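Heads up: the structure comes next, in structure tokens.
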Amino acid sequence: MSAHATTGDSGHSVADAAWHGMRDALSLPAWVVGCSLLGVGSLARDAGFPAGAAVMSTVFIWAAPAQAIFFASVAAGASLPAIGLAICLSSIRFLPMTLAILPLMRRPGQNLVTLLAAAHLVAVTTWVEGLRRMPAMPLPRRLPYFFGFALTCIGVSATTTLIGYFLVGALPIALAAGLLFLTPVFFSVSLVAGARGIGDWTAIVLGFVLAPASTAAVGKDFDLLATGLIGGTAAYFAGQRRHAGT
């Protein structure tokens, strides 16, 4: 590859990286996350929203739990400030993900708008796959790859949200639950595939072990927070100790 292409100044190189991201997304991840959004469309219709509102919720929020909170809260007559606060709290988990992945794509001279757009596209799927795939790429290819990957996931998710809107009541409960279960299974497989050191493996193992214990100890409202704090802290120190030993 020429120096001109590796610097990322070539429009062809940028387009190729974006297409690479699209192909990787369509190979499986986009369809997995899209299946999890089928239920959001059904919920939007049950709450009395038009199909366009369901699709736009995926484009602008793109987080099934937050979307569910939005439609259920509006249907229940909650105030807009309360709805906004609830969505904010449910999505606060994306902050550490964003802080972890943006440095992989940041280059000197990038404008704030580009970084904000990339931050909006951070979700569990793009975070897991981005951390797994992008470190091996040349820096100039990472941002267009990420945009290609994430926008493809959003496009597929918006389409499945629309499909779910018109399929309300047509899917058996067992099938709908199975589609939702695809997402955590895929995340787990991706995390295992991307694990590179003792810190990664410690986090994965403790996540599975501590999750049921945290639910029993602090309840379902704070179990993920407790699991993340305990397991993440232990994984961090395990990784630091390994680096110190080497």
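We use all heavy atoms of the structure for the numbers below, so side chains are in, but hydrogens, waters and symmetry mates are not. The shown structure was predicted, so the numbers you read here are calculated from the model rather than taken from an experiment.
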Would you say [X] and [Y] make side-chain contact, with heavy atoms under 4.5 Å?
X: D24; Y: Y145; result: yes
X: F146; Y: L104; result: no
X: W127; Y: T98; result: no
X: R107; Y: L143; result: no
X: R141; Y: H20; result: yes

Counting distance only, does the side-chain N/O of S91 pair as donor-acceptor with the main-chain N or O of C88 below 3.5 Å?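 No: the side chain of S91 does not pair with the backbone of C88.
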
**Prompt:** Going from CE on M105 to CD on Q110, what distance comes out if it is rounded to the nearest 0.5 angstrom?
**Reply:**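 One finds 8.5 Å between CE of M105 and CD of Q110.
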
Worksheet item: What closest approach, in Å, do T160 and G34 show between heavy atoms, and which atom pair accounts for it?
Response: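 Smallest heavy-atom distance, with atoms named: OG1-O, 2.7 Å.
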
Minimal non-hydrogen separation, T126 against L121, with atom names =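 Closest approach of T126 to L121: OG1-O, 3.0 Å.
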
- Going by atom types only, do S157 and T58 share a side-chain donor-acceptor pair under 3.5 Å?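 Result is no, nothing qualifies.
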
Next on the checklist: Could you see if L151 belongs to whatever hydrophobic cluster contains W62? Use Ile, Leu, Val, Met, Phe, Trp, Tyr and a side-chain cutoff under 4.5 Å.
Outcome noted: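 Linked within one cluster.
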
Worksheet entry | Cluster overlap M137 with V122, hydrophobic side-chain contacts below 4.5 Å |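 Shared cluster, yes.
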
Under 3.5 Å, which donor-acceptor pairs link side chains of residues 70-85 to any protein atom two or more places apart or in another chain?
residue, atom, partner, partner atom, Å
S73, OG, I69, O, 2.6
S79, OG, A82, N, 3.4

Linking Ile, Leu, Val, Met, Phe, Trp and Tyr through side-chain heavy atoms less than 4.5 Å apart, which residues share a cluster with L95?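 Its cluster mates, by chain and number, are L99.
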
